[in-house]
Structure formats: C-alpha cells, structure tokens
A.B. asks: 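Mind looking over this structure? Questions follow.
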Amino acid sequence: MGSTNVTSWRGFVFLGFSSFGELQLLLFSLFLSLYLVTLTSNVFIIVVIRLDSHLHTPMYLFLSFLSFSETCYTLGIIPKMLSGLAMGAQAISYVGCASQMFFSASWACTNCFLLAVMGFDRYVAICAPLHYASRMNSILCAQLIGSSFLSGYLFGLGMTLVIFHLSFCSSHEIQHFFCDTPPVLSLACGDTGLSELGILILSLLVLLVSFFFITISYAYILAAILRIPSTEGRKKAFSTCASHLTVVVIHYGCASFMYLRPKAIYSLERDQLISVTYTVVTPLLNPIVYSLRNRAVQIALRNAFRGSLLGKG
C-alpha cells in the first residue's frame with residue numbers, strides 16, 4: 001500500500017440500513033422474526049428427515065443437506081445484520097470480513113451444486129425408476145454431497161482471494177450489511193477490471209454450469225413425463241419435481257441478478273434490498289415450499305408434531 005490514497009487500517013464498517021433511520025427498529029423486529037422462523041424450519045426439516053425412516057431416501061437426504069447449508073449461510077450473515085440494526089454501524093476486521101465473504105460465498109455456491117444434484121436425483125427417479133435404488137446408492141450420494149461441499153468451498157475461496165488481493169482506499173465504509181463481493185470491491189483502489197472479470201467468470205461457472213445440468217435433467221424428465229399415457233400419471237410424476245423447481249427458480253433468479261449483471265447497473269442501495277431477499281427470504285422458502293408441496297414431508301411433520309404432543313401429555 002504505497003500510494004497516498006491508501007491507508008493502513010485493517011477493518012471495515014457496515015453502514016447497513018443506517019439511512020432508514022427510525023425504521024431500523026421495525027426492520028430489526030421483522031428480520032429477527034423471519035430469521036427465527038428460517039432457523040427453526042430448516043433445523044426441523046433436518047431433524048424430521050433424520051428421525052422418520054420413510055424419508056431415508058436420496059431425495060430427502062439431499063434436502064436435509066440443503067437445509068443444513070442454508071442454515072450455515074444465514075448464521076454467517078444475519079446475526080451481524082441484526083446487531084447492526086439494533087446498535088447502529090458495526091465494525092468488522094479485515095480478516096473477519098474476508099472470513100465472512102469466504103463462508104457466505106462457499107455456502108451459496110454449495111447450495112447451487114446441491115440443487116443440481118437434486119435435479120439429477122429427480123432425473124434418475126423419473127427416467128429410470130426401476131434402477132433408482134441401485135444407481136442412487138449410498139456411495140454415489142456421499143460422493144455427490146461431498147463434491148458439492150468441496151466445490152462450494154473452492155469457489156468461495158477463489159472469490160475471496162480475487163477480492164482480498166487488492167488494496168483498499170481511505171473509505172472503509174461498506175454500504176451493505178455483510179461483506180458481499182460488489183460492495184467490498186467498490187472500495188478497492190486502482191483498476192479493478194481483472195478482479196471484476198474474475199468474479200464474473202467464477203459466478204458464471206457456478207450459476208450457469210449448475211443450472212445447465214438442472215436444465216438437461218429436466219429436459220429428460222419432461223420428455224419422460226410426456227410419454228406417460230395417463231393424465232393422473234403425468235400429474236403425479238410432475239408433482240415430485242414441483243418443489244425442487246420452485247426453489248430453483250427463486251434461488252437462481254436472485255443469484256443471477258446479483259452476480260451476473262454489468263457493473264454499470266449496480267446500485268448499492270437497491271442491491272441491499274435484493275440481498276435481503278437472497279439472504280433472509282430465500283432460505284425460508286426452502287422448508288416452506290417442501291412443507292407445503294410435498295406430501296411425504298407433510299405427513300412426517302404431522303407425525304413429529306403429534307408425537308411431541310403425546311410426549312408432553
């Protein structure tokens with residue numbers, strides 16, 4: 001950091017929602033409520049799938065790991081955001097900011113890969129139902145889950161290194177509520193063109209490659225469903241994919257808008273609102289969508305709730 005416009009400080013300050021003034025208390029109450037519901041719902045999904053033997057299938061195994069990944073993702077972001085809403089601008093160290101970016105990016109990438117794996121699982125279940133048990137065996141499931149997490153960590157590390165090899169200027173105020181790539185990159189000194197290109201390439205690899213595999217899976221699924229002679233059979237086959245498709249559309253829609261846009265249309269204020277959707281609302285939709293649209297999960301939840309009531313009685 002040899003230039004005069006670069007300081008030797010080693011930290012950042014989140015401005016978050018400071019511009020909202022008195023509305024911050026209302027936002028704190030709203031986000032805290034959503035966070036508690038999100039945390040409880042995802043943990044409950046994990047526990048129910050673990051305890052109910054009827055849900056010990058690859059589809060629900062992947063769902064439980066998606067809920068685990070979503071839970072870890074929110075744990076790394078929302079508590080700090082809530083602290084900022086309650087007590088004003090929050091400081092974070094240089095290492096802390098890099099760590100938060102690494103873990104949030106890693107879990108976000110892992111979610112993308114897990115959704116692709118779940119699409120492959122639906123492909124095998126519908127296109128090769130007689131071979132489903134043998135093909136989706138425990139070894140392959142473990143390999144798919146392990147690869148998703150490892151790939152997520154590697155891409156998260158790559159994104160963090162692309163940002164934090166830069167020097168940062170005298171302004172250390174992040175117009176955001178967590179260390180996301182666009183607002184932190186905006187504080188860097190000098191030409192950030194190569195770093196922006198690096199982030200774009202990594203984002204494209206994660207989002208488009210995983211979405212490509214989901215698209216291919218559903219192309220085969222659609223072809224198989226259209227070959228089913230009865231309307232009831234087609235409806236039943238499609239219903240097994242509806243929950244996953246809903247989560248995919250919401251997840252990739254928000255992520256693509258956040259990370260695949262040209263820099264010219266960035267708006268830090270607007271991005272905060274989009275990030276709230278991506279970090280607070282989307283993790284909540286996963287358990288809600290699967291609870292409302294999936295009959296097996298509904299039955300397991302009712303049984304768990306009934307068992308807890310009987311246990312208290």
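Count residues from 1 along the sequence.
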A.B. asks: Just wondering, do K80 and F14 contact through their side chains at under 4.5 Å, heavy atoms?
C.D. replies: yes
A.B. asks: Any idea which heavy atoms bring F102 and G156 closest together, and the distance?
C.D. replies: CD1-C, 3.7 Å
A.B. asks: Checking I174 against L187 for the side chain to side chain contact (heavy atoms under 4.5 Å, CB included) test, could you report, in this order, the C-alpha distance in whole Å, the side-chain angles of both residues, the deciding distance, and whether it holds?
C.D. replies: CA-CA 8 Å; I174 299 178; L187 301 179; 3.7 Å; yes
A.B. asks: Compare every heavy atom of N137 with every heavy atom of L140, then report the nearest pair and how far apart it is.
C.D. replies: N-OD1, 2.9 Å
A.B. asks: How long is the straight-line distance from CZ of F211 back to NE2 of H251, given to the nearest 0.5 Å?
C.D. replies: 11.0 Å
A.B. asks: When rounded to the nearest 0.5 angstrom, what distance separates CD1 in I216 from CZ in F120?
C.D. replies: 13.0 Å
A.B. asks: Only counting residues at least two apart or in another chain, list the ones meeting disulfide (SG to SG under 2.5 Å) with C112.
C.D. replies: none
A.B. asks: If you group Ile, Leu, Val, Met, Phe, Trp and Tyr whenever their side-chain heavy atoms sit less than 4.5 Å apart, what else falls in with L25?
C.D. replies: none
A.B. asks: Side-chain contact test, heavy atoms from C-beta onward, threshold under 4.5 Å: evaluate it for V117 versus I145 and give yes or no.
C.D. replies: no
A.B. asks: Are the side chain of S134 and the backbone N or O of H131 linked by a donor-acceptor pair below 3.5 Å?
C.D. replies: yes
A.B. asks: Could you give the distance from CG (N42) to OH (Y73), rounded to the nearest 0.5 Å?
C.D. replies: 13.0 Å
A.B. asks: Checking S210 side chain against L207 main chain: does a donor-acceptor pair fall under 3.5 Å?
C.D. replies: yes
A.B. asks: Can any side-chain N or O of H56 pair as donor or acceptor with the backbone N or O of R50 at less than 3.5 Å?
C.D. replies: yes
A.B. asks: For the ring-ring contact (aromatic ring centres under 6.0 Å, His included) test, which of F62, Y252, Y123, Y218 pairs with H244?
C.D. replies: Y218
A.B. asks: Could I get the full list of disulfide (SG to SG under 2.5 Å) partners for C179, not counting sequence neighbours?
C.D. replies: C97
A.B. asks: Rounded to the nearest 0.5 Å, how far does CG of L63 lie from CG of D121?
C.D. replies: 10.5 Å
A.B. asks: Check for me, please, whether L36 and V48 land in the same ILVMFWY cluster - side-chain distances under 4.5 Å, paths through other members count.
C.D. replies: yes
A.B. asks: Determine whether L166 and S195 make a side-chain contact, defined as any pair of heavy atoms from C-beta on separated by less than 4.5 Å.
C.D. replies: yes
A.B. asks: With side chains defined as the heavy atoms from C-beta onward, is the minimum distance between Y35 and T40 less than 4.5 Å?
C.D. replies: no
A.B. asks: What pair of heavy atoms forms the shortest contact from H172 to G11, and how long is it?
C.D. replies: CB-O, 3.5 Å
A.B. asks: Angle class for the F149/F65 ring planes (parallel below 30°, perpendicular above 60°, tilted otherwise)?
C.D. replies: perpendicular
A.B. asks: Between L115 and L66, which heavy-atom pair has the shortest distance, and what is it?
C.D. replies: CD2-CD2, 3.9 Å
A.B. asks: Is it possible for you to say whether V124 and F212 belong to one hydrophobic cluster, with membership spreading through side-chain heavy-atom contacts below 4.5 Å?
C.D. replies: yes
A.B. asks: Please check if V37 and M81 belong to a single hydrophobic cluster, counting links between Ile, Leu, Val, Met, Phe, Trp and Tyr side chain heavy atoms closer than 4.5 Å.
C.D. replies: yes
A.B. asks: Looking at side-chain heavy atoms only, is the closest gap between R234 and T231 below 4.5 Å?
C.D. replies: yes
A.B. asks: So for atom CZ, which belongs to F68, do other residues, nucleotides or ligands contribute more than 12 heavy atoms lying within a distance under 6.0 Å?
C.D. replies: no
A.B. asks: Of the non-hydrogen atoms in I77 and Q100, which two are nearest, and what is the gap between them?
C.D. replies: CA-NE2, 4.1 Å
A.B. asks: Once you round to the nearest 0.5 Å, how far does CG of L61 lie from OG1 of T57?
C.D. replies: 8.0 Å
A.B. asks: Taking the side chain as everything from C-beta on, heavy atoms only, tell me whether L85 gets closer than 4.5 Å to F31.
C.D. replies: yes
A.B. asks: If you apply the rule side chain to side chain contact (heavy atoms under 4.5 Å, CB included), what do you find for F155 with S106, and how did you get there?
C.D. replies: CA-CA 7 Å; F155 276 100; S106 296; over 6 Å; no
A.B. asks: Does the side chain of T110 reach to within under 4.5 Å of the side chain of S151, using non-hydrogen atoms?
C.D. replies: no
A.B. asks: Just wondering, are more than 12 heavy atoms of other shown residues or ligands nearer than 6.0 Å to CG in L226?
C.D. replies: yes
A.B. asks: Do other residues, nucleotides or ligands put more than 12 heavy atoms under 6.0 Å from L194 CG?
C.D. replies: no
A.B. asks: Would you kindly confirm whether L154 and I199 end up in one hydrophobic cluster when ILVMFWY residues are joined by side chain heavy atoms under 4.5 Å apart?
C.D. replies: no
A.B. asks: Test C109 against M159 for side chain to side chain contact (heavy atoms under 4.5 Å, CB included), laying out the working first.
C.D. replies: CA-CA 11 Å; C109 294; M159 292 179 180; 4.2 Å; yes
A.B. asks: Return yes if a side-chain donor-acceptor contact under 3.5 Å exists between E196 and T192, otherwise no.
C.D. replies: yes
A.B. asks: Donor-acceptor check, side chain of S186 to backbone of P183, threshold 3.5 angstrom: yes or no?
C.D. replies: yes
A.B. asks: May I ask you to decide if M101's main-chain N or O and S104's side chain share a donor-acceptor pair within less than 3.5 Å?
C.D. replies: yes
A.B. asks: Side chains of M118 and I214, heavy atoms from C-beta outward: is any pair under 4.5 Å?
C.D. replies: no
A.B. asks: Would you find a donor on one side and an acceptor on the other, under 3.5 Å apart, between the side chain of T282 and the backbone of T279?
C.D. replies: no
A.B. asks: If we ignore hydrogens and angles and just use 3.5 Å, is the side chain of S41 paired with the main-chain N or O of T38 as donor and acceptor?
C.D. replies: no
A.B. asks: Give a yes or no on whether F168 and L15 share a hydrophobic cluster (residues Ile, Leu, Val, Met, Phe, Trp, Tyr; joining criterion: side-chain heavy atoms under 4.5 Å apart).
C.D. replies: no
A.B. asks: Taking it one step at a time, do F103 and L75 satisfy side chain to side chain contact (heavy atoms under 4.5 Å, CB included)?
C.D. replies: CA-CA 10 Å; F103 285 110; L75 282 171; over 6 Å; no
A.B. asks: Find the distance between CG (L202) and CG (L161) and round it off to the nearest 0.5 Å.
C.D. replies: 10.0 Å
A.B. asks: With distance as the sole test, does S83 use its side chain to make a donor-acceptor pair with the main-chain N or O of P79 at under 3.5 Å?
C.D. replies: no
A.B. asks: Would you name the heavy atoms of N111 and S69 that are closest together and state the gap between them?
C.D. replies: OD1-OG, 2.5 Å
